[in-house]
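Quick notes on the structure that follows.
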Amino acid sequence: MRLSRYFLPLLKENPAEAQIISHRLMLRSGMIKQSSSGIYSWLPMGFKVLKKIENIVHQEQKLAGHIPMLMPTLQSAELWKESGRYEDYGEEMLRIKDRHSRDLLYGPTNEELITDIFRSHVNSYRDLPLTLYHIQWKFRDERRPRFGVMRGREFYMKDGYNFDVDKDNALHSYNRHLISYLRTYERLGLKAIPMRADTGPIGGDYSHEFLVLAETGESEVFFDKSILNLSLGDRQVDFENKDQCQEIFNEWTSPYARTDETHDNASFDKMVPKDQQITSRAIEVGQIFYFGTKYSEAMGANVNNSEGVKIPVHMGSHGIGVSRLLGAIIEASHDDKGIIWPENVTPFQVGIINLKQGDEETDNVCSSIYKTFSDFGYDCLYDDTNERAGSKFATMDLIGIPWRITVGPRGVKNGVVEVTSRKSGESIELSPELAIRKITEIYEQAD
RNA sequence: CGGGCUAUAGCGCAGUUUGGUAGCGCGUUCGUCUGGGGGACGAAAGGUCGUGGGUUCAAAUCCCGCUAGCCCGACCA
């Protein structure tokens, strides 16, 4: 993309309404525009990142054996009356009437809808286990939306639902989700810690939240420092293998890690030596639940077991806040100049700065690098505007592209361009060919 | 939903106390000079002062209502 042809409405100053860093940077870098309280338009660059994150979430879900689908945003109130949550959910649920005065609602979550789909089509234990998921817009009419996309009213969420024949199998699904989430966060460049959690309005017996450490987080968390050393890396995971999944689950959940909701000082002191205890702020980026037969009994989602007896299925639900992740990633990865995108989610893999637009040789080198990247299928942002150098650098730093190629007449005379890492700020001079090769090698390793 | 605050040009703000021709910085447009970390000079465009009513010869300014937004708290992916 040539910057002169793109739509990237940057702000030089911080908008007054934005208080936290990710919100400011998202507004300043032209990723989002607030449309009303807690509701945002996703401008081209924000949309690009959102789709990248969504794509990674899809890949990891499918890898874990979960099946993608799509349910509507508007749901009939009938199903919610059946589960009893139409009344329970309260003011957070946006209720709508259609022209026939039928009660509709903008879905805050999908347990009822998915259970209805399940009971209509699945009757036998032979069809289990089954995990369905979708990534869809949700609406929760928050009392106080804030922090930009971190606590919007409309938000984009992956939510998945598992159906299993018994508790043992359902807990395997639970473990599978935990692992697939850990993998997802790692690919997004985030350190997310699973913490034992309350179950809230979803209900149920088991729940873990995933928290990313950040000063601006809404939750206070307490954990054993050793958990920070855990990593899945390129470990081979067989999601069908119950024992292996259980082992990984144990590895990640046995060290003490709780949010302020479930924290208990006595256990903390008992389980974790003082010098290993960490207290911090964190952002919740996902949650998994096992709630047994809560919905299947209320809504009659039964299957025949091997003896021909109807039994309610065991279920769980699992969510990742996809739009919130943008905020969380920025909170975890920025400096005073702007965003620093992890390679896997960056809107553009590489940025080209032309230091002297209009200089024939410099223009030619830029165009040729740009064309090569485009031919390789890379998203490359070429700043071909007439801005001065300082302004172009500031823009690239603000929007956070991880790798930058700087082309100026001085270097071009010597046959070199400059490759700069956004993260370290370090630059090296290379020929254009080697510069391209270096960057493509980095991205080949990154994924 | 309780408490606090704000609303004036695309963004950031002054002007409101004490009513009297709507201002500044950044950005935008045009021109010239520039050209390796948010350049300089010159010119220009851009505002029903959130909204409805009231007081007044006169309202951004005073009074009343409404709306929107932000912050703190209680709730949440």
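Proteins come first, then strands; the chains are lettered A, B, ... in the order of their sequence lines, and each starts at number 1.
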Partner residues of A/Ser254 under the side-chain contact (heavy atoms from CB on, under 4.5 Å) criterion, sequence neighbours left out: none
Can you sort out the partners of A/Gln277 under side-chain contact (heavy atoms from CB on, under 4.5 Å), two or more places apart, ordered by chain and number? A/Phe268, A/Asp269, A/Val272, A/Lys274
Quickly work out the A/Glu142 CD to B/C70 P distance and round it to whole Å. 13 Å
Close approaches to RNA chain B from residues 25-38 of chain A, in residue order (heavy atom, under 4.0 Å): A/Arg28, A/Gln34, A/Ser36, A/Ser37
Partner set under side-chain contact (heavy atoms from CB on, under 4.5 Å) for A/Thr259, not counting sequence neighbours: A/Met195, A/Glu209, A/Leu211, A/Val221, A/Glu261, A/Thr262
Using atom CG of A/Asn414 as one end and atom C1' of B/G36 as the other, report the distance to the nearest whole Å. 14 Å
Separation of atom CG in A/Asp397 from atom P in B/G38, rounded to whole Å: 12 Å
Please confirm whether the shortest side-chain N or O distance from A/Arg146 to OP1 or OP2 of B/C71 is below 4.0 Å. no
Same-atom distance (P) from B/U6 to B/C64, integer angstrom: 15 Å
Please list all pairs passing the salt bridge (charged side-chain N to carboxylate O under 4.0 Å, His left out) test where one or both residues lie in residues 7-28 of chain A, with sequence neighbours left out. none
Which residues, if any, of residues 387-394 of chain A bring a heavy atom under 4.0 Å of RNA chain B? A/Glu387, A/Arg388, A/Ala389, A/Gly390, A/Ser391, A/Phe393, A/Ala394
Taking B/A58 as the reference, what is the distance to B/U67 when you measure between their P atoms (whole Å, please)? 29 Å
Considering only heavy atoms, which members of residues 8-24 of chain A lie under 4.0 Å from some atom of RNA chain B? A/Lys12, A/Glu13, A/Asn14, A/Pro15, A/Ala16, A/Glu17, A/Gln19
Partners passing salt bridge (charged side-chain N to carboxylate O under 4.0 Å, His left out) against A/Glu142 (at least two apart in sequence or in another chain): A/Arg151
Can you sort out the partners of A/Glu387 under side-chain contact (heavy atoms from CB on, under 4.5 Å), two or more places apart, ordered by chain and number? A/Thr385, A/Ser391, A/Lys392
Is A/Asn386 touching bases, backbone alone, or none of the nucleic acid, heavy atoms closer than 4.0 Å? base
What pairs meet the ring pair (Phe, Tyr, Trp, His ring centres under 6.0 Å) rule with one or both residues in residues 53-76 of chain A, with sequence neighbours excluded? A/His58-A/Tyr133, A/His66-A/His177
Report all side-chain donor-acceptor pairs from residues 329-336 of chain A shorter than 3.5 Å, counting only partners two or more places apart or in another chain.
residue	atom	partner	partner atom	Å
A/Glu331	OE1	A/Thr216	OG1	2.5
A/Glu331	OE2	A/Ser22	N	2.8
A/Glu331	OE2	A/Ser22	OG	2.7
A/Ser333	OG	A/Ile340	O	2.5
A/His334	ND1	A/Ile330	O	2.8
A/His334	ND1	A/Glu331	O	3.2
A/Asp335	OD1	A/Lys337	N	2.8
A/Asp335	OD1	A/Gly338	N	3.2
A/Asp335	OD1	A/Arg422	NH2	2.8
A/Asp335	OD2	A/Arg422	NH1	2.8

Using a 4.5 Å cut-off on heavy atoms from C-beta on, say whether the side chain of A/Asp379 contacts that of A/Met1. no
Qualifying residues under side chain to side chain donor-acceptor pair (under 3.5 Å), relative to A/Arg235, sequence neighbours excluded: A/Glu251
